[in-house]
2 protein chains.
Amino acid sequence: MPRIVGQIDQAKSQAILDAAAEVLGTGGLSAPMDEIARRACVSKQTIYNHYGSKAELIRAIVDRRVEQIAAPLMAPGAQEHPQEALAGFGRVMLELVLRPLGRSMLKMTVQAADDMPDLARAFYEAGPQTSRRRLAEFLRQETLAGRLAVDDPDQAADFFAGMVIGVRQISGLLGVEQTATPEAIEQVAQEAARRFMRAYGVD
Amino acid sequence: MPRIVGQIDQAKSQAILDAAAEVLGTGGLSAPMDEIARRACVSKQTIYNHYGSKAELIRAIVDRRVEQIAAPLMAPGAQEHPQEALAGFGRVMLELVLRPLGRSMLKMTVQAADDMPDLARAFYEAGPQTSRRRLAEFLRQETLAGRLAVDDPDQAADFFAGMVIGVRQISGLLGVEQTATPEAIEQVAQEAARRFMRAYGVD
DNA sequence: GGAAAAATGGACTCCAGGGTCCAGACCATT
DNA sequence: AATGGTCTGGACCCTGGAGTCCATTTTTCC
């Protein structure tokens with residue numbers, strides 16, 4: 001309720017968000033505010049000055065993520081060979097999903113989904129939905145250009161995204177350790193793109 | 001701690017588990033024990049007689065699910081045409097993931113993963129991992145039999161599972177509504193199988 | 001029918017954690 | 001140097017919910 005407009009420290013706001021994302025992401029949503037304060041080297045009161053409640057703090061974290069998330073998810077460019085474009089897109093998705101920040105962000109949002117359905121939906125639209133949309137659009141263009149033969153671009157996009165991500169997303173949510181070397185990421189993206197081309201190539 | 005061996009009502013144990021799965025699944029892990037008791041038409045004390053604590057109750061729920069889960073996940077039979085077998089396998093996976101019980105179970109386990117990593121791992125192994133293993137084994141056999149050309153069965157199995165499940169699992173976790181008619185399930189399974197055959201068929 | 005165990009329900013304890021308050025320190029700006 | 005704002009840290013209040021207790025009733029088994 002108390003709208004803050006005074007001489008508030010903007011950099012401190014970010015530090016708090018960072019700390020909160022870190023703590024809530026690893027320890028779960030039930031991690032205490034005191035720990036966030038400690039981690040941010042800030043008094044608890046200050047957190048309540050910047051964000052009015054724990055719920056709003058969580059909102060702010062997810063909101064910020066929602067802003068960042070769509071940026072790297074640009075549709076593949078039509079100038080390169082479609083297989084290369086797909087592989088590139090796949091690599092970006094994989095990194096988004098596998099990077100610690102991405103993993104903990106998703107976990108947080110899932111945990112919050114019960115109490116803040118709108119938040120979860122915003123996250124969903126910014127992440128999973130946007131990525132599929134952009135990819136589907138690319139597939140549509142390539143099909144028009146005669147370089148692919150995709151009859152249902154939305155479904156095909158979901159197929160490709162599913163191949164790339166595979167079991168990794170949910171194993172991440174379940175906290176099962178997995179090695180994700182850059183080489184492994186590259187290999188998966190490449191192979192998925194290759195197989196996708198066979199499945200949807202022009203004859 | 002208090003091991004129960006007396007004349008305890010076995011059917012009541014199940015009723016409690018059912019109610020708990022329902023309540024914790026929809027309301028989240030933070031749903032109060034009193035509500036579970038009410039839903040199970042049982043006094044709170046009784047729950048503590050059967051299971052010693054909330055944590056153990058959750059364990060019991062997941063354990064039971066772990067038992068059930070592997071059963072329908074038999075590897076496709078080699079007698080039918082591989083495409084049909086794949087479609088059938090895909091259908092089973094989809095239903096496992098989309099059915100309300102499956103969704104709430106996964107959500108529960110994800111929420112519990114922070115505090116009970118072993119539990120989450122058991123769930124992972126019984127579900128996602130087992131399904132991929134069985135499917136991979138099938139692909140290996142079919143390749144040996146010359147009906148498919150799969151070089152990396154584990155990866156291919158993950159690809160197929162990813163195609164079938166797609167965005168649905170995480171949209172379920174995020175509480176985004178989605179229509180999952182039997183026809184839609186069937187269509188996705190069929191189409192995924194068809195495309196997979198093109199991607200991995202013998203020339 | 002009677003004894004042992006289990007179930008009931010409702011009151012009770014206890015505590016972690018969200019949120020508040022306050023007194024003093026620390027800036028800015030005027 | 002004075003005023004209006006923020007920051008600190010630590011004590012503090014308060015609530016929800018886990019878990020316990022208990023007197024009474026019901027069930028089960030001999």
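Predicted, not measured: the structure shown is a model, and the values here were computed from it.
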By nearest atom, which of the nucleotides dT6(D), dA7(C), dA18(D) is closest to the Asn49(B) side chain?
dA7(C)
Taken to the nearest whole Å, NE2/His50(B) to P/dA5(C) is 16 Å
Among dT20(C), dT8(C), dA18(D), find the nucleotide with the atom closest to the side chain of Tyr48(A).
dT20(C)
Could you tell me if the side chain of Arg91(A) sits less than 4.5 Å from the side chain of Val188(A), heavy atoms only?
no
Lys44(A) (side chain) and dG19(C) (base): donor-acceptor pair under 3.5 Å:
yes
Using whole Å, what does the distance between atom P of nucleotide dG18(C) and atom OH of Tyr51(A) come to?
17 Å
To the nearest Å, give me how far apart NZ (Lys54(A)) and P (dC14(D)) are.
21 Å
Would a 4.5 Å heavy-atom cut-off, applied to side chains only, mark Val97(B) and Leu106(B) as touching?
no
Is Arg194(B) salt-bridged to Glu191(B), going by a charged N under 4.0 Å from an acidic O?
yes
Atom-pair distance (CG on Asp34(A); P on dT8(D)), nearest Å:
14 Å
Identify whether any heavy atom of Ala55(A) sits under 4.0 Å from a base atom; if not, whether one sits that close to sugar-phosphate; answer base, sugar-phosphate or nothing.
nothing
Interatomic distance where CG belongs to Asp115(A) and P belongs to dG16(D) [whole Å]:
14 Å
Among the nucleotides dG19(C), dA7(C), dG17(D), whichever has the atom closest to the side chain of Thr46(B) is dA7(C)
Rounded to whole Å, how long is the line connecting atom CZ of Arg38(A) with atom P of dG10(D)?
12 Å
Using only atom types and a distance under 3.5 Å, with no angle test, would you say the side chain of Tyr51(B) pairs donor to acceptor with the backbone of Ser13(B)?
yes
Donor-acceptor pair, side chain of Thr130(B) and main chain of Gly127(B), under 3.5 angstrom:
no
Starting at CD1 of Ile47(B) and ending at C1' of dT20(D), how long is that distance when rounded to a whole Å?
14 Å
Just how far, in rounded Å, is P of dA18(D) from CG of Leu24(B)?
9 Å
Looking only at side-chain atoms of Gln45(A), point me to the closest of dT20(C), dA18(D), dC7(D).
dT20(C)
